[in-house]
Every structure is written in structure tokens, then in C-alpha cells.
Number of protein chains: 2
Amino acid sequence: MAKHDPLGDVFAALADPTRRIVIHRLGAGPASVGELAADVPITLPSFMKHVRALEESGLITTSKTGRVRTCVLDRDRLALVDDWLAEERRLWEGRTDRLERLVTDPREHA
Amino acid sequence: MAKHDPLGDVFAALADPTRRIVIHRLGAGPASVGELAADVPITLPSFMKHVRALEESGLITTSKTGRVRTCVLDRDRLALVDDWLAEERRLWEGRTDRLERLVTDPREHA
DNA sequence: GTCATGCTTAGCCATGTGGCGAAGTATCGC
DNA sequence: GCGATACTTCGCCACATGGCTAAGCATGAC
């Protein structure tokens, strides 16, 4: 849909419960595709699609050693969400603060 | 997809750029469907789908007065994301802290 | 070499999503 | 009442998503 929308890709990746389970598990440290797949009741090929989706969103990185592919969580990517949230809050809190000030302390103005 | 997955619904809602624009705009205060639609280059019926998606995710509430439907942001719903993020971070930071402590301060003091 | 293991690729399918135009309904302003 | 305004409903369509089975390929164990 969107051509270059990193934040959107991250949100889309997090929208799926299966993928949030993976993120959660990877929070405890790297794991192989097989280990991760054991936590969900779907077939491996289906599971691999989720892994690829997570990798394309940038939330995880993977690398293959021998026949085992290991997945690692990229926390910086999760920070993208945090930043967006913080920015939105900053904007509407700025506005709220001004209203608050007028209500709670009329002397305090700009 | 998921039967009852509030967090997933919120993430899915935020995955679309159009809907993030709406959220952003509503951060500045309530607005009518028409006002909101003016910010994006799609037809009204298409836009309405986004409004409904946002409402079903719980991120906004809407009410109709006369022929105008007014949308309001529900910040508590956004907090759902914040909470999830905080919880995940709490988990893996707990682990990291323990490692950090061993590396940076073997004596383990306050 | 042979067999098990651990992905990986290649279809296929049902459903969901996001866009459209056309036409309908319910106020509001005059 | 009549026209403009502000949605709203109704198909319809292309493509994305998430699941499956079956078969393939590379590596590790023996």
C-alpha cells in the first residue's frame, strides 16, 4: 500500500497476535525459527511468513548458520512506535496544558 | 481475524497512514467527518471506512448531531499500546539489567 | 552414503482491505 | 417546499493476508 512507511509496517507487523508472541519470546533473547514456531499452532510454512513479515518490518533480524535460522529482536525498531506515541502525546498535552493553566491558574499565562 | 484482540485491533488501525493522520488531527480536538476527510485525497465513502475502523478499534468515538458526525480521540485506547510497549520493555530490561550489573558492577551495590 | 532435521519454495484458497462511482437519506438555510 | 450539504449505503473490484499441503534442499549425525 504505502511505498515507504516504516512506522506503518511496524504497526502492521504488531497487529498480528502470532507475531506479538514472537516479539515477546525474542525479548528473552535470540531463538531459532523452530523454537519460535513451537509456541504457535500453525504449520511451519505459515509461520515463516510471519518471520519474514517481522524481518521486513525491521522488528527482527535473522541469520542462518548451518541449517538453523536464528532470530534476534531489534529494539530500536520498537522505539519507533514509542517515539510516535510520545510525539502525539506531546502535541495534545501541550494543548491540554494551556487549557489547564487557564482553568487552574488564570494568573499563569503566556 | 482474531476474535477478541483489542491490542491487535489498535495496532491494525494505526498501521494505515490515513488513519494516523486522523488520529493526529484529533489530537488537536474533536472534528467532523467532513473536516477530517479534507486532509486526505480519497473519496468520502472510502474515508468513512477508515472512520469506522478507528471507531471499532476504540481509538475514536463518534456521535451525530443533525447531519454532522463528530469524532473524538480516545486517549485511553492509545495507552493500550503504551502499556504493551512498557511491559515488553520491562521484561527484557529486567534481563538486561542483570547482565549489565555483572559486567559494569560485579560488587552489585545500589 | 543414508537418513533425519530444519527450514524453504511453490502452488492454492478463503477472506479481508482499501479504493471507486452511483444513488439514497436526512438535515439546514432560504 | 427546494436546493444544498453532509454523510450513508450499495455494489463492485484489485490486491494483500494468512492459512494449508506437497515437495524440495541443505546440513548434521551415523
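The figures here come from the full heavy-atom set of this structure, side chains too, leaving out hydrogens, waters and symmetry mates. Just so you know, these numbers come straight off a predicted model, no measurement behind them. Residue numbers start from 1 in every chain, and the chains themselves are labelled A, B, ... in the order their sequence lines are given, proteins ahead of strands.
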Q: Does OP1 or OP2 of C:dG18 have a side-chain N or O of B:Ser46 closer than 4.0 Å?
A: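 Checking C:dG18 against B:Ser46, no side-chain N or O comes under 4.0 Å of OP1 or OP2.
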Q: Under 4.0 Å from OP1 or OP2 of D:dA6: is there any side-chain N or O of B:Lys64 that close?
A: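 No, because none of the side-chain N or O atoms of B:Lys64 sits under 4.0 Å from OP1 or OP2 of D:dA6.
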Q: I want to check one thing: is the phosphate of D:dG18, taken as OP1 and OP2, less than 4.0 Å away from some side-chain N or O of A:Arg19?
A: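 True: A:Arg19 side-chain N/O within range (under 4.0 Å) of D:dG18 OP1/OP2.
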Q: Check the distance between D:dA16's C1' and A:Asp5's CG and give it to me in whole angstrom.
A: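 So the CG-C1' distance, A:Asp5 to D:dA16, works out to 15 Å.
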Q: Need to verify one output field. Residue with the more 5' nearest nucleotide on DNA chain C, B:Thr18 or A:Arg69?
A: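 Per heavy-atom nearest nucleotide, the more 5' residue is A:Arg69.
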Q: Roughly how many Å is it from CD1 in B:Ile42 to C1' in C:dG21, rounded to a whole number?
A: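 Going from B:Ile42 (CD1) to C:dG21 (C1'), I get 14 Å.
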Q: As an exercise, state the distance from CG of A:Leu80 to CG of A:Leu85, rounded to the nearest 0.5 Å.
A: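 Those atoms lie 11.5 Å apart.
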Q: Could you tell me whether B:Leu44 contacts a base, only the sugar-phosphate backbone, or nothing, with contacts defined as non-hydrogen atoms closer than 4.0 Å?
A: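 Base contact - B:Leu44 has a heavy atom under 4.0 Å of at least one base atom.
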Q: Separation of B:Lys49 atom NZ from D:dA16 atom P, in whole Å?
A: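 After rounding, the gap between these two atoms is 16 Å.
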Q: Between B:Ile21 (CD1) and C:dG18 (P), how many Å, whole number?
A: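 One finds 14 Å between P of C:dG18 and CD1 of B:Ile21, rounded.
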Q: Please name the pair of heavy atoms, one in B:Ile21 and one in B:Val40, separated by the smallest distance, quoted to 0.1 Å.
A: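 Taking B:Ile21 first and B:Val40 second, the nearest heavy atoms are CD1-CG1, 4.0 Å.
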Q: From C:dC7, D:dC7, C:dC20, pick the nucleotide closest to the side chain of B:Met48?
A: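 Of the options given, the side chain of B:Met48 lies nearest D:dC7.
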Q: Quick one: does A:Leu78's side chain get under 4.5 Å of A:Asp82's, heavy atoms only?
A: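 No, every pair of side-chain atoms sits at 4.5 Å or beyond.
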Q: Give a yes/no answer on whether the side chain of B:His50 brings an N or O atom under 4.0 Å of OP1 or OP2 in C:dG19.
A: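 True: B:His50 side-chain N/O within range (under 4.0 Å) of C:dG19 OP1/OP2.
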Q: Compare the minimum distances between each of C:dC7, C:dG19, C:dG21 and the side chain of B:Pro45, then state the nucleotide with the smallest one.
A: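 Selected nucleotide (nearest to the side chain): C:dG21.
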Q: Which whole-number value in Å describes the distance from A:Arg20 CZ to D:dG18 P?
A: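 It is 12 Å, rounded to the nearest whole Å.
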Q: Between A:Thr65 and A:Pro41, name the one whose nearest nucleotide on DNA chain D is closer to the 5' end.
A: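 Residue closer to the 5' terminus by nearest nucleotide: A:Pro41.
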Q: Which whole-number value in Å describes the distance from A:Phe47 CZ to D:dC20 P?
A: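 That distance rounds to 12 Å.
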Q: Going from OG on B:Ser57 to CZ on B:Arg77, what distance comes out if it is rounded to the nearest 0.5 angstrom?
A: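 The distance works out to 7.0 Å.
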Q: Taking CD from A:Glu35 and C1' from C:dT5, how many angstroms apart are they, rounded to a whole number?
A: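 Atom-to-atom, A:Glu35 to C:dT5, this comes out as 14 Å.
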Q: Would you say B:Thr43 places a side-chain N or O within less than 4.0 Å of OP1 or OP2 belonging to C:dC20?
A: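 Yes, such a contact exists.
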Q: Below the 4.0 Å mark, does D:dA4 have OP1 or OP2 next to a side-chain nitrogen or oxygen of B:Arg67?
A: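 B:Arg67 to D:dA4 OP1/OP2: no side-chain N or O under 4.0 Å.
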Q: If two hydrophobic side chains count as joined below 4.5 Å and joins carry through other members, does B:Trp84 share a cluster with A:Trp84?
A: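 Yes: a chain of side-chain contacts under 4.5 Å links B:Trp84 to A:Trp84.
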Q: What is the separation between atom CG on B:Asp16 and atom P on C:dT17, rounded to the nearest whole Å?
A: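 To the nearest whole Å, that distance equals 11 Å.
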